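If you read the sequence from its start, that first residue is 1, and numbering goes on from there. This one's a predicted model, so the numbers in the text were calculated from it and none came from an experiment.
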Amino acid sequence: VTRYAPSPTGYMHIGNFFQMFISYNLAKNTNGVFIRRLEDTDRKREKEGAFEVIEMVMDKFGIYPDEYETLNGEIKGDYGPYIQTERLDIYHSFAKHLVSIGKAFPCFCKAFENKEEILKDRETKFLDNDATEYDACRNLSFDEVKEHIDNGEKFAIRLKTSGDGIKRVTFTDLIKGEITANANAKDVILVKSDGIPPYTFCHIIDDKLMGVTTVVRGEEYISSTPVHLEIIDALGFDRFKYCHNPLICKIPENGNKRKISKRYDPEADMRYYFENGYPIESVLEYLLNLISSSFEEWRRNNPELSWKEFKFGINDITAVSPIFDLVKLNDISKNIISKMTAEEVYEKALDWANEF
């Protein structure tokens, strides 16, 4: 059971689609379940119409989840709602449980608006040794907590970490193997003072309750995994299997490899391929080339089969960052178009012209 859990914070990035496509194929290749969940708790970064773009892109590429919720409230699946802001009572229940067993606590400190204020205040608020961040409110007595609440003060809920800046944690990544890192040593926020939980807390609860077995996400989340593991252990959940896929990169004219960027690369936006008339199949086949080096040989040996017949497992996923090459994509597109009938080319060109 895998999931795709986008945040509606902008257009659909090709790296996000790449991760989703891996999740989709891993589920389909094992007769499993593919879930789409909307993670919309970061209201400050939310962009109007972003979820509609996600739905549109998935529909055009023919990627259909087994469980999901539409923006008009239609739910398919037994574990909904599949939109996080509709699940707040669930998160609050788990946060309350952690407080009751002494693994979380209410924090009445000011809700900081930006990182500069956090850093400025850290000297007095934290016992900080560069790795450990204990919140001052973790040692309040029951009577002190009650007094704050009776005074009407807002509070966040923080994890009461058992980390000390020295402990290490080991976990297995299905692509990269065994990873050892510093254990979490920060009293991270589980529920903000407005009652909204951040990604760090709510995605763990959702994955557990929705039956997710394998979490596919970008390798930038490896550094966050120790925090997630401590929360999982505090909740008494079994740990998930993690599959941190590499990030798609480009090599620009200066020769310095970098991650494909919204700022510099128009092809980072999945709508680029519709607007420029690329066949859907060519984009998907190119991404399979980036996911698994064995796809190209499979295609040579099976020129008439649909890409859906190509089956890959976790061991087939590349462990290094693939390089995006528009020339290669154009070659694949040329080959696919060359196999179309004149009528197919005409219809697709007409549809494209009418839309764009």
Side-chain angles (χ1 to χ4, degrees), residues 1-3 5 7 19 22-23 26 37 39 41 91 94-105 107 115 118-119 122 125-139 156-192 197-247 314-315 317-321:
V1 180
T2 65
R3 46 78 164 172
S7 298
Q19 168 208 310
I22 292 174
S23 292
L26 289 178
R37 179 177 73 230
E39 298 192 341
T41 58
Y91 310 133
F94 281 96
K96 185 179 289 188
H97 170 68
L98 289 179
V99 172
S100 73
I101 62 175
K103 294 187 176 181
F105 60 92
C107 171
K115 293 180 180 179
I118 294 174
L119 293 170
R122 184 174 285 172
K125 184 174 165 211
F126 295 124
L127 307 174
D128 191 356
N129 64 357
D130 293 331
T132 306
E133 292 184 3
Y134 297 149
D135 187 87
C137 295
R138 68 170 12 227
N139 296 318
I157 299 295
R158 287 183 180 270
L159 176 72
K160 195 168 190 176
T161 183
S162 60
D164 56 9
I166 301 174
K167 292 181 181 178
R168 305 278 281 173
V169 62
T170 299
F171 60 94
T172 299
D173 179 85
L174 297 178
I175 295 179
K176 301 178 183 302
E178 191 173 277
I179 297 174
T180 299
N182 289 330
N184 176 54
K186 299 182 181 184
D187 293 336
V188 294
I189 290 178
L190 304 180
V191 181
K192 294 180 287 187
Y199 163 85
T200 303
F201 188 51
C202 52
H203 87 277
I204 292 169
I205 294 167
D206 289 341
D207 286 342
K208 171 65 176 178
L209 297 185
M210 293 177 184
V212 173
T213 62
T214 306
V215 175
V216 179
R217 59 188 185 184
E219 62 187 4
E220 70 269 27
Y221 284 100
I222 290 177
S223 61
S224 304
T225 302
V227 177
H228 301 158
L229 292 177
E230 185 173 16
I231 296 172
I232 290 168
D233 293 345
L235 290 165
F237 296 167
D238 292 332
R239 292 183 177 183
F240 310 105
K241 296 176 182 177
Y242 286 105
C243 177
H244 291 96
N245 61 268
L247 305 179
I314 288 174
N315 292 335
I317 300 172
T318 180
V320 297
S321 295

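- Listed here is the closest heavy atom pair of Ser7 and Glu39: OG-O, 3.1 Å.
- How far NE2 of His203 is from OH of Tyr221: 8.5 Å, rounded to the nearest 0.5 Å.
- From Leu26, atom CG reaches atom OG1 of Thr2 across 6.5 Å, with rounding to the nearest 0.5 Å.
- The line from OH of Tyr242 to OG1 of Thr172 is 12.0 Å long, rounded to the nearest 0.5 Å.
- With values rounded to the nearest 0.5 angstrom, Cys243 atom SG is found 3.5 Å from Ile175 atom CD1.
- Not a single side-chain hydrogen bond (donor to acceptor under 3.5 Å, both in side chains) links Lys167 to another residue, sequence neighbours left out.
- The distance from the NZ atom of Lys241 to the CG atom of Asp173 is 13.0 Å, given to the nearest 0.5 Å.
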(request) Determine, stepwise, if the pair His228 / Phe201 fulfils side chain to side chain contact (heavy atoms under 4.5 Å, CB included). (result) CA-CA 8 Å; His228 301 158; Phe201 188 51; over 6 Å; no

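- Scanning both residues, Val216 and Ser23, for their nearest heavy atoms gives CB-OG, 3.1 Å.
- Between Val169 and Ala183 the shortest heavy-atom distance is CG1-CA, 3.9 Å.
- Side-chain contact between Arg158 and Val188 is absent, with no heavy atoms from C-beta onward closer than 4.5 Å.
- Here the CG-CG distance, from Leu174 to Asn315, works out to 8.5 Å after rounding to the nearest 0.5 Å.
- Closest approach of Pro226 to Ala181, counting heavy atoms only: CG-CB, 4.2 Å.
- Salt-bridge check for Lys160 with Asp135: failed, with every basic side-chain N at 4.0 Å or more from each acidic carboxylate O.
- Side-chain contact check for Phe240 versus Lys208: some heavy-atom pair is nearer than 4.5 Å.
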Only distances under 3.5 Å count here; give the side-chain donor-acceptor pairs of residues 229-238 to other protein atoms, sequence neighbours excluded, each with its distance to 0.1 Å.
from	atom 1	to	atom 2	distance (Å)
Glu230	OE1	Thr161	OG1	2.9
Glu230	OE1	Asn184	ND2	2.6
Glu230	OE2	Thr161	OG1	3.1
Glu230	OE2	Ser162	N	2.9
Glu230	OE2	Ser162	OG	3.3
Asp233	OD1	Arg239	NE	3.2
Asp233	OD2	Arg239	NH2	2.7

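- Arg3 has its side chain within reach of Val215: a pair of non-hydrogen atoms, C-beta onward, lies under 4.5 Å apart.
- With sequence neighbours excluded, the residues forming a side-chain hydrogen bond (donor to acceptor under 3.5 Å, both in side chains) with Thr170 are Thr180, listed by chain and number.
- The side-chain heavy atoms of Tyr134 and Lys186, taken from C-beta on, include no pair separated by under 4.5 Å.
- Considering only residues two or more places apart in sequence or on other chains, Ala104 meets the side chain to side chain contact (heavy atoms under 4.5 Å, CB included) condition with Leu98, Val99, Ile157, Leu190.
- The list of ring pair (Phe, Tyr, Trp, His ring centres under 6.0 Å) pairs with a residue in residues 159-189, not counting sequence neighbours, is empty.
- Residues forming a side-chain hydrogen bond (donor to acceptor under 3.5 Å, both in side chains) with Tyr91 (at least two apart in sequence, or on another chain): Asp206.
- For the pair Lys176 and Ile222, the minimum side-chain heavy-atom distance is below 4.5 Å.
- In summary, the side chains of Asn245 and Arg217 do not present any donor paired with an acceptor at a separation below 3.5 Å, with no hydrogens or angles considered.
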